[in-house]
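Quick note on labels: first sequence line is chain A, next is B, and so on, each numbered from 1.
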Number of protein chains: 2
Amino acid sequence: MNLQLTASPLDLRLRDSFRIARGTQTVAENVLVEIRYGDRTGRGEAAPSPFYGESRATVLAILPRLAEVLGPDPFAIQAAWRGMARMIGGNFAAKAAVETALFDLVAQLADQPHWRLWGLDAAACPPTSFTIGLDTPERMAEKARAATEFPILKVKVGVADDVARVRAVRAARPEAMLRLDANGGWNPKEAVRRLNELAPLGIELIEQPVEATDYDGLRFVREHAPMPVFADESCVRLEDVPRLAGRVDGIVVKLAKCGGLRPARAIMSAAHAHDLRCMLGCMIESSLGISALANLAPNADLCDLDGHLLIDDDPFVGVTVEQGRLTLSDQPGLGAKPRR
Amino acid sequence: MNLQLTASPLDLRLRDSFRIARGTQTVAENVLVEIRYGDRTGRGEAAPSPFYGESRATVLAILPRLAEVLGPDPFAIQAAWRGMARMIGGNFAAKAAVETALFDLVAQLADQPHWRLWGLDAAACPPTSFTIGLDTPERMAEKARAATEFPILKVKVGVADDVARVRAVRAARPEAMLRLDANGGWNPKEAVRRLNELAPLGIELIEQPVEATDYDGLRFVREHAPMPVFADESCVRLEDVPRLAGRVDGIVVKLAKCGGLRPARAIMSAAHAHDLRCMLGCMIESSLGISALANLAPNADLCDLDGHLLIDDDPFVGVTVEQGRLTLSDQPGLGAKPRR
């Protein structure tokens, strides 16, 4: 009998409404995928983003079709990937949920954590940043102070007056490492001007200063701003990596962009071939999605895996974070289980 | 207690002496690595080549040092890789033997074939070619006729009179797919002249027409010869892949060049990011080494995994080949066991 897939809505309520250059979010409307095999259940999370053409509605609409490619064998992940790719393009958050649910089953059946099956060293995970969304400078400073447990903050920018906001965060946390993320909110000249203004505050890197399709803008910023430039929205598919080489210093890998652990690994390898640094990133996700990608953290150079820290009532338990340090689960599978 | 490694010579006698553009071989002086863990034994094979700076003597000399990086846990492969890389550069055949022995243990402990743990589809393996070494045109034709079971032949060229040799093989096997491998034996203009002369015989691809370091020569051949160009000796490390993009159509991945399954996978991903095709290749190896790399064949575009078919008394049993089609082992581990 073929594997059966069930999909159900997963509402994640944000502790604070979360604002980035593109908009504001109070609830993440994710989807939980479960695939049963004997007495085991493999689980995956879809965190759809309208920016990449998905919503909860599209995920719930396509999952029953994607499920048709599943055969009886949870180990047949390559075949599932090919089947899903033939079925429909894009829809990578939905595909990632299916693929990670299968990898969860495989590692459970092998009775090992996924990262161990791949020979990875859990002690090699880079620390994760904690994200400070856009707000008034005062509120952002307050949030930064409340996050003293995190030595690395990722500060959202890309709107008017963001320089004042970053100054407020820096004043609140003089010792923290600060990363900036503009989510494509600047034009190239604006980016260079602001980054040069912000540089004296001590900035580790800038993520996606210009819009996703502006590859030459990325290069312009890299050539004229004094800190490393990372591509997030500009880096979705494996083929994007070579085009980004020479234009940025690093890339951001997310399950919801690339479609699963297999493509994530491929993108990381391609990036390292070009001496690009790899940051693992996330959407607003529960510990289910975060734990899945965290299995690859030992191969990453930087981590921004804090989606589960921004929500109330995380329905899953998995990777834990202390002082920004990730501790991968030592349980068989991808490492997350329902909190109950 | 830390994992203990034992190394022993593995002499592989060739059925016929094997000549390529660089020289002639009658015995492959390989090395068997065994790592014990409880009642399991993980095995790996080193197939050193002087071209890449290794011999049996260097492998046997460095293995005891490499073994020092092993801890008590066979799953700690990333840590072993980092330890070996810090210990000494190069020595990739020796490192591959250690790394594959560890992956063999991991998959045995997970009670699954390696390819299944990685979700790969055994039915997706491309067929392998069978190699016809350099000899008189008559003898090469004879060997080609004796290999009728193989629909794809890889014919060694790169010496004087090789056009006559390929003609003889083509006459003996009018229906076969022919690949050529010059092992760097031509200069670029010579390569283009001969390949244009050979093209009417029907040639699928040319491997390494010019010497390893002549990247511009590869591009010149690609631009002026009528068949796809693959890089073998020119493609050793992950960082070579981006430099080869635009200069060749594909690359050849071998354990003895890159140092193991983990780097092999990374190189394949980087190549695919550049739309380069990947051929899995080998040295003269027993079924131990061939079976190890064959686990990645479902991700490859072409295979040249025939080293074990060129020797007498293969001391291992593993992947089988019929009509050029690979059948991966369904046993736990990398798929090879001693023949006894």
What do you reckon, is CZ of B:Arg65 surrounded by more than 12 foreign heavy atoms closer than 6.0 Å? no
Just so I understand: if I count every heavy-atom pair under 4.5 Å between each of A:Gln112, A:His114, A:Glu239, A:His272 and chain B, which residue has the most? A:Gln112
Chain A contacts, top residue of B:Ala123, B:Ala266, B:Ala107 (heavy-atom pairs, under 4.5 Å): B:Ala266
Output the option from A:Ala76, A:Ala245, A:Pro263, A:Pro242 having the highest count of non-hydrogen pairs under 4.5 Å with chain B. A:Pro242
I need the minimum non-hydrogen distance between B:Arg82 and A:Pro298, along with the two atoms involved. NH2-O, 3.5 Å
Kindly give the heavy-atom pair with the smallest separation between A:Ala79 and B:Asp121, and that separation in Å. CB-OD2, 4.3 Å
Are B:Arg116 and A:Leu109 close enough that some pair of their side-chain heavy atoms sits under 4.5 Å apart? no
For A:Arg40, I'd like to know if atom CZ has over 12 heavy atoms of other residues, nucleotides or ligands within 6.0 Å. yes
From the list B:Ala270, B:Ala273, B:Ala110, the residue making the most non-hydrogen contacts under 4.5 Å with chain A is B:Ala273
Given the options A:Asp240, A:Leu120, A:Ile267, A:Val106, which has more heavy-atom pairs under 4.5 Å with chain B than any of the others? A:Leu120
Using non-hydrogen atoms only, which part of B:Arg243 is less than 4.5 Å away from chain A: side chain, backbone, both, or neither? neither
Largest heavy-atom contact set with chain B, pairs under 4.5 Å, which of A:Leu102, A:Val241, A:Asp275, A:Leu117: A:Leu117
Which one of B:Trp81, B:Phe75, B:Trp115 has the most heavy-atom pairs closer than 4.5 Å to chain A? B:Phe75
Going from CH2 on A:Trp118 to CZ on B:Arg262, what distance comes out if it is rounded to the nearest 0.5 angstrom? 11.0 Å
